[in-house]
Q: 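Structure in structure tokens, see below.
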Protein chains: 2
Amino acid sequence: METKEKITNKKAALLQATLTLVNNHGFHKSPMSKIAKLAGVAPATIYLYFENKQDLINSLYLEVKASFSECAFKAYQDDLPVKKGFEIIWHNIAHYKLNQIDEATFLSQCDSTPIIDEEVIEEGLKHLQPLLDLWERGKKEGIVKPLSNYILYAYAVYPLSFLLAIQEKDFYTLSDKMRKKAFQSAWDAIKV
Amino acid sequence: METKEKITNKKAALLQATLTLVNNHGFHKSPMSKIAKLAGVAPATIYLYFENKQDLINSLYLEVKASFSECAFKAYQDDLPVKKGFEIIWHNIAHYKLNQIDEATFLSQCDSTPIIDEEVIEEGLKHLQPLLDLWERGKKEGIVKPLSNYILYAYAVYPLSFLLAIQEKDFYTLSDKMRKKAFQSAWDAIKV
DNA sequence: AATAAATGAATGATCGTTCATTTATTTTAT
DNA sequence: ATAAAATAAATGAACGATCATTCATTTATT
């Protein structure tokens with residue numbers, strides 16, 4: 001138990017350090033030496049837990065993506081009415097993106113940059129299936145516009161990434177009231 | 001004349017090469033040697049036109065941002081009705097993002113990554129003012145939702161970046177019919 | 001005493017940048 | 001108009017710095 005905890009402690013510290021450095025300085029200015037220093041270990045120790053730098057960042061991506069997905073579908077059941085189900089997922093995602101700012105920023109960076117291996121990106125995409133299923137049902141019921149899931153995602157979920165980026169830069173903070181209005185816009189964009 | 005043309009030729013070739021390499025392999029795997037080779041010049045030649053690597057990528061960002069803005073407001077006049085004006089700008093931006101894929105992909109990467117100097121990012125933001133002015137007018141006229149410009153941008157323009165990313169990965173291509181529907185979603189999201 | 005975890009210094013490779021030199025272009029003098 | 005001189009553009013090899021990774025050794029745990 002002790003052993004296993006300590007192992008995951010150092011591994012977790014390394015992942016956290018990588019997240020912080022890559023967010024603040026970019027992948028190209030986040031050398032292994034700095035990652036090790038921030039995590040409080042020696043550079044060589046990284047290679048006890050990860051094959052190399054690429055494996056380190058791939059692992060971080062998958063871990064963050066998993067935590068994101070877990071949050072996105074919290075309290076969601078696939079037998080809810082379409083709008084209600086979407087509302088739950090949307091607010092879950094909003095909550096994640098606006099509270100777990102570091103993680104969400106990192107995901108944004110990875111999704112618009114070729115730093116993560118393609119296979120790993122695809123692996124991370126599988127988690128979203130319940131939302132796609134929900135939209136399919138909404139289309140069948142005539143509640144959701146008959147657009148492709150990509151377009152629906154672009155209008156209903158993706159905008160949150162922009163709001164996150166804005167908030168990150170301290171230009172703007174989204175109040176609860178605003179959040180409800182933002183959801184209304186998301187729903188307006190995809191509802192029939 | 002000859003001189004000046006040749007100068008801009010090499011400079012343009014270097015910017016184009018940087019765009020291609022950074023898009024395909026990321027900033028960290030785009031060494032000056034490869035940029036030079038792709039542009040057909042010697043590595044040292046880069047330093048005749050740019051101070052250093054950072055200046056090279058900053059310059060590229062500003063150039064692409066300028067071309068984007070020029071396209072965005074083509075044929076736009078600020079005395080048009082709000083919806084019509086927005087429609088023109090939206091389609092201009094859609095046209096740019098879905099046709100000048102390389103440039104748009106590069107902008108996305110720069111906007112969610114700390115590779116461009118902060119001052120340069122701000123410099124590039126100034127171009128969008130006419131769109132913000134249009135939205136302000138729309139709010140005054142009661143046509144556009146009384147949301148902050150950031151939120152309006154997030155729902156009306158930012159989704160195009162996602163569609164671009166999808167198209168880039170060859171999962172999906174946006175037909176003209178779909179483009180009109182996509183505009184409808186954008187307008188639905190921000191109209192009162 | 002045996003095994004596992006962690007280390008720091010060393011290595012080899014890569015990269016950004018520089019500079020002495022070469023090549024091309026423009027200007028000047030005849 | 002042409003050759004020589006002056007200037008500008010371009011180069012490739014080389015330098016120093018930085019980085020990812022390794023390994024012999026030390027430290028901690030079993």
Q: Taking the inter-plane angle between the rings of Y61(A) and F106(A) on a 0 to 90° scale, is it parallel (under 30°), tilted (30 to 60°) or perpendicular (over 60°)?
A: tilted
Q: Nearest whole Å is fine: how far is dA5(C) P from N9(A) CG?
A: 14 Å
Q: Does E70(A), at its CD atom, have more than 12 non-hydrogen atoms belonging to other residues, nucleotides or ligands within less than 6.0 Å?
A: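 No, not enclosed.
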Q: Can you build the contact string for nucleotides 11-17 of chain C? Use B for base contact, S for sugar-phosphate-only contact, and - for no protein heavy atom under 4.0 Å.
A: ----SSB
Q: In terms of ring plane angle, is the pair F183(B) and W187(B) parallel, tilted or perpendicular, where the classes change at 30° and 60°?
A: parallel
Q: Watson-Crick or G-U wobble partner for dA28(D), using a 3.5 Å limit on both distances?
A: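 Its partner is dT3(C) (Watson-Crick or G-U wobble, both distances under 3.5 Å).
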Q: Show the nearest heavy-atom pair for residues P159(A) and Y158(B), with the distance to one decimal.
A: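 The answer is CA-CD2, 4.0 Å.
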Q: In whole angstroms, how far is the P atom of dC19(D) from the CD1 atom of I46(A)?
A: 13 Å
Q: If I take atom CG in residue L21(A) and atom P in nucleotide dC19(D), what distance separates them, rounded to the nearest angstrom?
A: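 So the CG-P distance, L21(A) to dC19(D), works out to 12 Å.
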Q: Rounded to the nearest Å, what distance is computed from the CG atom of residue L48(A) to the P atom of nucleotide dA28(D)?
A: 16 Å
Q: According to a strict under-4.0 Å criterion, is Y49(A) in side-chain N/O contact with OP1 or OP2 of dA6(C)?
A: yes
Q: Once you measure the plane-to-plane angle for F68(A) and Y96(A), does it fall in the parallel (<30°), tilted (30-60°) or perpendicular (>60°) bin?
A: perpendicular
